[in-house]
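Following: one structure in structure tokens, then a few remarks.
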Amino acid sequence: MTSSTPEPGSSARWPLLTRRNILASTGLAAAGVSAGPLLGWSPAQAAVSADCPPGTTAPVPPAARGPAIPASGYLVEEIADRVYWLTDGLYQMIFVTTAEGVVAVDAPPTIGQNILRAIATVTNSRVTHAIYSHHHADHTGAMILYQGARFYAHMDVAALLRQTNDPNRPLPDVTFDRQLTVHAGEDVLDLAYHGPNHSPGNIFVNLPVQRVLMLVDVVFPGWVPFAYLAESQNIAGWLEAPAQALRYPFDTYIGGHLTRLGTRDDVNIQQEYVAELKAQAASAIATFNPASVYQSVDPTNPWAIFRAYLDGVAGQAASAVIPNWVDRLGGADVYTLPNAYQLVESLRIDYGQLGPFGIHP
């Protein structure tokens, strides 16, 4: 009952039971313009896609909009002294040009070979240091491009990479438990692990001189988090991670996803959104009437009953939050429902707010 992913093959006869799956599945369509080049669409196809006809989602608010992606399919910008931000509008990474060579953090496969092309536009040096933010392939599935580099990762990431045995994600040469400072010439990158959040081994990458912090899949500047609180494996740790980030004296935040760079304000705004959603989820657990689900499901099927109950609680919480955020954060109408579902499950399973399923007298 703690799974964070939609169940495949749900019957269309049960709208209540499939609503969260349908809404969650619209995420890529809602990002049609930025995702279009990844799918091989022309700009015209991306702008008017049959998968996302105009009006099916709320307009993207100004706070979510980022710079245009050039025809090359990637944008590279110097965001601090010799620190470069590289994005395709959906994924992000950074690299630093140093006296020893290039230090690259992550290698999203959607950017792919454009990573090396982008680096070549600003330096003739090769990548000598490659850092894993975490093990997930959508952010690091092109690390193989950094042939000859020295690879760095948290020890949990190393264990997970050995388990998955992906040839596109080489095993790290250097691992650490809590902290590691990477020196490249006169440049310093402080790597720190404050415990599991989005995934085991997901680290904070701090460039203290340039005041840049990279923490992936935790804060989504300008947008609500991806579905089910970014598919995070440790919700309690994920909820704490933004406060941990704010303890760093950064000016620029790299979240790993979507349209733009982040600031300290973006971290605070996401905390506000999640706090409101958490409060509404707790309220829904306490007030939702379980008897209301029996009219829509087979009363002899406990799984159908329980799923309808959880979807009903999440729907009640989401409906209270969406109107307050649809004009403030991108995708509030798309992913607030699955995010509410994940918070409901975390409140029940992690924090013991069990509602009608608590200790009976």
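Computed from a predicted structure; not experimentally measured.
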Between the side chain of Gln270 and the main-chain N/O of Val218, is any donor-acceptor distance below 3.5 Å?
-> yes

Would you give the length of the straight line joining atom CD of Glu345 to atom CD1 of Ile235, rounded to the nearest 0.5 angstrom?
-> 10.5 Å

In short, Ala241 meets Asn197 closest at the heavy-atom pair CB-CB, 4.2 Å

Dump the intermediate steps for side chain to side chain donor-acceptor pair (under 3.5 Å) on Asp190 and Thr181, then the final yes or no.
-> CA-CA 5 Å; Asp190 290 327; Thr181 299; 3.0 Å; yes

Give me the ring orientation class for His134 and His136: parallel if the planes are under 30° apart, tilted from 30 to 60°, perpendicular past 60°.
-> perpendicular

May I ask whether Val224 and Tyr228 are part of the same hydrophobic cluster, defined by side-chain heavy atoms of I, L, V, M, F, W, Y residues being less than 4.5 angstrom apart, directly or through others?
-> yes

Counting distance only, does the side-chain N/O of Tyr146 pair as donor-acceptor with the main-chain N or O of Asp106 below 3.5 Å?
-> yes

What one should report as the nearest heavy-atom pair of Gly148 and Arg126 is O-NH1, 3.5 Å

Using salt bridge (charged side-chain N to carboxylate O under 4.0 Å, His left out) as the criterion, list what pairs up with Arg260, not counting sequence neighbours.
-> Asp266

Residue that, paired with Gln210, satisfies side chain to side chain contact (heavy atoms under 4.5 Å, CB included) out of Val83, Ile79, Thr252 = Val83

Evaluation steps, side-chain contact (heavy atoms from CB on, under 4.5 Å), between Trp303 and Val297 | CA-CA 10 Å; Trp303 260 189; Val297 300; over 6 Å; no

Mind running side-chain contact (heavy atoms from CB on, under 4.5 Å) on Leu90 and Leu258 for me, showing each step along the way?
-> CA-CA 4 Å; Leu90 196 58; Leu258 296 173; 4.1 Å; yes

Would the number of heavy atoms belonging to other residues, nucleotides or ligands and lying under 6.0 Å from CZ of Phe357 be above 12?
-> yes

dist Met93:CE -> Ile111:CD1 (nearest 0.5 Å) comes out at 6.5 Å

Does the Arg150 side chain pair with the main chain of Asp173, one donor and one acceptor, at a distance under 3.5 Å?
-> no

Heavy-atom nearest pair, Ala281 first then Val344, reads CB-CG2, 3.8 Å

Show your working on side-chain contact (heavy atoms from CB on, under 4.5 Å) between Leu239 and Lys278 and close with a plain yes or no.
-> CA-CA 10 Å; Leu239 292 172; Lys278 185 178 180 181; 4.3 Å; yes

Donor-acceptor pair, side chain of His198 and main chain of Ala230, under 3.5 angstrom | yes

Ring centroid separation for Tyr193 and Phe176, is it under 6.0 angstrom?
-> no

Could you tell me whether the side chain of Ile119 reaches within less than 4.5 Å of the side chain of Ser125, counting heavy atoms only?
-> no

So how far is it from Gln353 CD to Leu343 CG, rounded to the nearest 0.5 Å?
-> 10.5 Å

Leu215 and Tyr91: same hydrophobic cluster, using ILVMFWY side-chain contacts below 4.5 Å?
-> yes

Validation row: Pro67, Leu75 side chains within 4.5 angstrom (heavy atoms) | yes

Would you say Val209 and Leu189 are hydrophobically clustered, going by side-chain heavy atoms of ILVMFWY under 4.5 Å?
-> no

Backbone of Pro225 reached by a side-chain donor or acceptor of Asn339 within 3.5 Å | yes

Look at the side-chain heavy atoms of Ile, Leu, Val, Met, Phe, Trp and Tyr, link any pair under 4.5 Å apart, and say whether Ile269 and Leu261 land in one connected group.
-> no

Yes or no on side-chain contact (heavy atoms from CB on, under 4.5 Å) for Tyr253 and Arg264, after CA distance, side-chain angles and deciding distance?
-> CA-CA 7 Å; Tyr253 182 95; Arg264 301 185 73 83; over 6 Å; no

Would you say His154's side chain and Asp156's backbone share a donor-acceptor pair under 3.5 angstrom?
-> yes

Take atom CG in Asn289; do more than 12 heavy atoms of anything else shown fall under 6.0 Å from it?
-> yes

Please report the shortest heavy-atom distance between Ala130 and Met143, naming the atom on each side.
-> CB-CE, 4.1 Å

Using a 4.5 Å cut-off on heavy atoms from C-beta on, say whether the side chain of Pro170 contacts that of Ile144.
-> yes

Are the side chains of Asp88 and Asn114 in touch, meaning some heavy atoms are under 4.5 Å apart?
-> no

Sequence neighbours excluded, every pair satisfying ring pair (Phe, Tyr, Trp, His ring centres under 6.0 Å) that has a member inside residues 64-90 = Tyr84-Phe95

Are any non-hydrogen side-chain atoms of Phe151 and Leu171 less than 4.5 angstrom apart?
-> no

Does some side-chain heavy atom of Leu161 sit less than 4.5 Å from a side-chain heavy atom of Pro172?
-> yes

Is Asp333 reaching over with its side chain to a backbone N or O of Ile322, donor-acceptor style, under 3.5 angstrom?
-> no

Close side-chain approach of Ile131 and Ile203, heavy atoms under 4.5 Å = yes

May I have the step-by-step check of salt bridge (charged side-chain N to carboxylate O under 4.0 Å, His left out) for Glu272 and Arg328, ending in yes or no?
-> CA-CA 11 Å; Glu272 183 184 346; Arg328 294 186 63 188; 3.1 Å; yes

Would you say Gln179 has more than 12 foreign heavy atoms packed within less than 6.0 Å of its CD?
-> no

Could you tell me if the ring centre of His139 sits under 6.0 Å from that of His257?
-> yes

When you measure from the side chain of Arg82 to the backbone N and O of Thr98, does any donor-acceptor pair fall under 3.5 Å?
-> no

Does the side chain of Leu160 reach to within under 4.5 Å of the side chain of Pro200, using non-hydrogen atoms?
-> yes

Straight-line distance of Asp350 CG to Asn234 CG, nearest 0.5 Å | 7.0 Å

Taking the side chain from Ser319 and the backbone from Gln316, do they hold a donor-acceptor pair closer than 3.5 Å?
-> yes

Heavy atoms of Met214 and Val105 approach each other most closely as SD-CG1, 3.5 Å

Rounding to 0.5 Å, atoms OG1 (Thr110) and CD (Gln92) come to a distance of 10.5 Å

For Leu229 and Ser232, work out which heavy atoms get closest and say how close.
-> O-OG, 2.7 Å

Group every Ile, Leu, Val, Met, Phe, Trp and Tyr by side-chain heavy-atom contacts under 4.5 Å, then state whether Leu145 and Val157 land in the same group.
-> yes

Side chain of Trp238, backbone of Asp217: donor and acceptor closer than 3.5 Å?
-> yes

Output for pair (Phe288 CZ, Leu310 CG), nearest 0.5 Å, gives 9.5 Å

Could you give me the CA-CA distance, side-chain angles and deciding distance for Phe220 and Phe226, then say whether ring-ring contact (aromatic ring centres under 6.0 Å, His included) is met?
-> CA-CA 8 Å; Phe220 297 74; Phe226 182 70; 7.5 Å; no

Side chain to side chain donor-acceptor pair (under 3.5 Å) partner of Thr336, chosen from Tyr273, Trp325, Tyr341 | Tyr273

